[in-house]
Amino acid sequence: MVIILKQNHDQKQFDNLLNWLEGLNIKTSLVKGEQSAILGLIGDTSVIDIDMLKAVDIVQSVKRIQEPYKAANRKFHPDDTIVDVPCPSSFARQIGGRNFTVIAGPCSVESRVQILDIAAKVKESGSAMLRGGAFKPRTSPYAFQGLRAEGLELLYEAKKETGLPIVSEIMNVNHIELFSNVDVIQVGARNMQNFELLKELGRLDKPILLKRGLANTIEELLMSAEYLMSGGNKNIILCERGIRTFETYTRNTLDLSAIPLLKELTHLPVLVDPSHATGISRLVKPMSLAAAAAGADGLIIEVHNDPSHALCDGAQSLTPEAFADVINSLNGILPALGKTI
């Protein structure tokens, strides 16, 4: 990081700035030119609040010469991370590397019959894990909010029946104990920058699926991953689920360019959620194939046994038969990409 100082800056303010930086264990190197002075910073500059630095009277501008995320940065971890998902009732699953992981299930758990039926069918088609929402963040306070703790119990039953590891979204830090038997905890788009929640999840030894916020940059996604990793949790999976743009034909705009970019910037595995990205079931298949071709490590797809009567997001949910067709199509292209389901 470099700080460009204003001309004829006040020496006392400069000394105060140096003392503050030294207190953060940051070394400095001053280069004086005819028109300006540049202060180079050496050390872990991720601890510095750039906005606070820019507010200092003698500072003209601040520029980073290295990304602020360290643990998630491929420069410091050149090999791809493969996240192990242990499940007592089945063989361990791996996300990343040559594995192409498909996670499937309903937007929300609605009943015992529903979740057991869907779990059996997605497993038969080739899904490696079962997704299902027990706690549902909804735009309207009057919409179905999920079965909550009861929904988690039904997911656990489906896990015992099928052997599929389960993935479910957490919304509140107070719910962490309820998720003790969830194999992969999902942090949804609305909570991507819920930093207190991220800090607590960072203390767990459990895989975390982190979804990109609907209006967040790639760097902000990686900084949220950094929050999780700075707490000691290295089992982080990123998920591109579409961002909000001016386009209204789809629910969101699937940012496929984010996949190869993330692959350059980070060693963490990257999944894609074509269901939330498009909001239209007929678009899920082409976007799934496109995501695989762009280098994704897997998909998370919404599947419902009766989409027209789903209590949540039926329009974007595939039937089990349509999901099986997506898997068959993926199996046709994945060998050429060096990956297998």
Side-chain angles (χ1 to χ4, degrees), residues 83-95 99 101-138 144-188 191 197 200-211 228 233 235-237 239 271 273 275-276 298-307 309-313 317-318 320 323:
V83 176
D84 289 313
V85 182
C87 182
S89 59
S90 69
F91 295 108
R93 305 293 201 271
Q94 291 186 323
I95 301 176
N99 307 292
T101 305
V102 180
I103 303 168
C107 175
S108 61
V109 180
E110 299 171 6
S111 69
R112 180 178 183 275
V113 171
Q114 174 237 24
I115 193 62
L116 291 180
D117 181 46
I118 295 172
K121 288 176 178 175
V122 298
K123 180 185 179 182
E124 183 181 357
S125 296
S127 179
M129 300 181 203
L130 174 67
R131 63 146 292 151
F135 295 84
K136 293 302 303 177
R138 304 298 299 278
F144 177 61
Q145 305 288 316
L147 297 179
R148 303 173 71 80
E150 181 188 350
L152 289 176
E153 292 299 324
L154 293 175
L155 281 171
Y156 301 151
E157 185 175 349
K159 172 180 172 180
K160 290 177 183 177
E161 288 282 332
T162 63
L164 291 176
I166 55 176
V167 181
S168 197
E169 180 177 352
I170 192 168
M171 292 173 54
N172 193 310
V173 69
N174 296 325
H175 296 160
I176 287 179
E177 286 190 17
L178 289 174
F179 281 70
S180 59
N181 290 322
V182 173
D183 301 289
V184 178
I185 297 178
Q186 175 183 307
V187 175
N191 274 312
L197 176 61
E200 292 301 318
L201 293 176
R203 297 188 177 99
L204 302 182
D205 184 22
K206 186 184 286 286
I208 307 296
L209 175 62
L210 178 66
K211 284 194 166 187
L228 291 163
N233 192 340
N235 303 306
I236 311 304
I237 307 143
C239 183
L271 303 187
D273 179 347
S275 303
H276 280 94
L299 303 164
I300 179 166
I301 296 175
E302 292 193 353
V303 179
H304 197 285
N305 53 355
D306 187 8
H309 292 96
L311 298 179
C312 180
D313 289 345
S317 298
L318 299 182
F323 174 69

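Residue numbers run from 1 in the order of the sequence given.
At a threshold of 4.5 Å between non-hydrogen side-chain atoms, the residues L155 and N181 do not count as touching. In this structure, H304 and C312 have side chains that are not in contact, with every pair of non-hydrogen atoms separated by 4.5 Å or more.
At most 12 non-hydrogen atoms from other residues, nucleotides or ligands lie less than 6.0 angstrom from CZ of R112. By the neighbour-count criterion of 12 heavy atoms within 6.0 Å, atom CD of E157 is densely surrounded, having more than that number from other residues, nucleotides or ligands.
At least one donor-acceptor pair closer than 3.5 Å links the side chain of N233 to the backbone N or O of L204. Between the side chain of K123 and the backbone N or O of T162 there is at least one donor-acceptor pair closer than 3.5 Å. A distance-only check finds a donor-acceptor pair linking the side chain of S127 to the backbone of V102 [under 3.5 Å]. Listed for the N99 side chain is no donor-acceptor partner under 3.5 Å among the backbone atoms of T101. A distance-only check finds no donor-acceptor pair linking the side chain of K121 to the backbone of N305 [under 3.5 Å].
Exactly one residue among V184, V182, D183 makes a side chain to side chain contact (heavy atoms under 4.5 Å, CB included) with P165. That residue is D183.
Salt bridge R131/E169: absent, no basic N to carboxylate O contact under 4.0 Å.
Nearest heavy-atom pair across Y156 and S180 is OH-N, 4.4 Å. Nearest heavy atoms, R93 versus G163: NH2-O, 4.2 Å.
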Criterion side-chain contact (heavy atoms from CB on, under 4.5 Å) on I95 and M129, from CA distance to verdict: CA-CA 11 Å; I95 301 176; M129 300 181 203; 3.6 Å; yes

Kindly determine whether I176 and I170 satisfy side-chain contact (heavy atoms from CB on, under 4.5 Å), including the steps that lead there. CA-CA 8 Å; I176 287 179; I170 192 168; 3.8 Å; yes

Assess the residue pair N191 and M171 against the criterion (side-chain contact (heavy atoms from CB on, under 4.5 Å)); give the C-alpha distance rounded to whole Å, side-chain angles, the decisive distance to 0.1 Å, and a yes or no. CA-CA 7 Å; N191 274 312; M171 292 173 54; 4.2 Å; yes

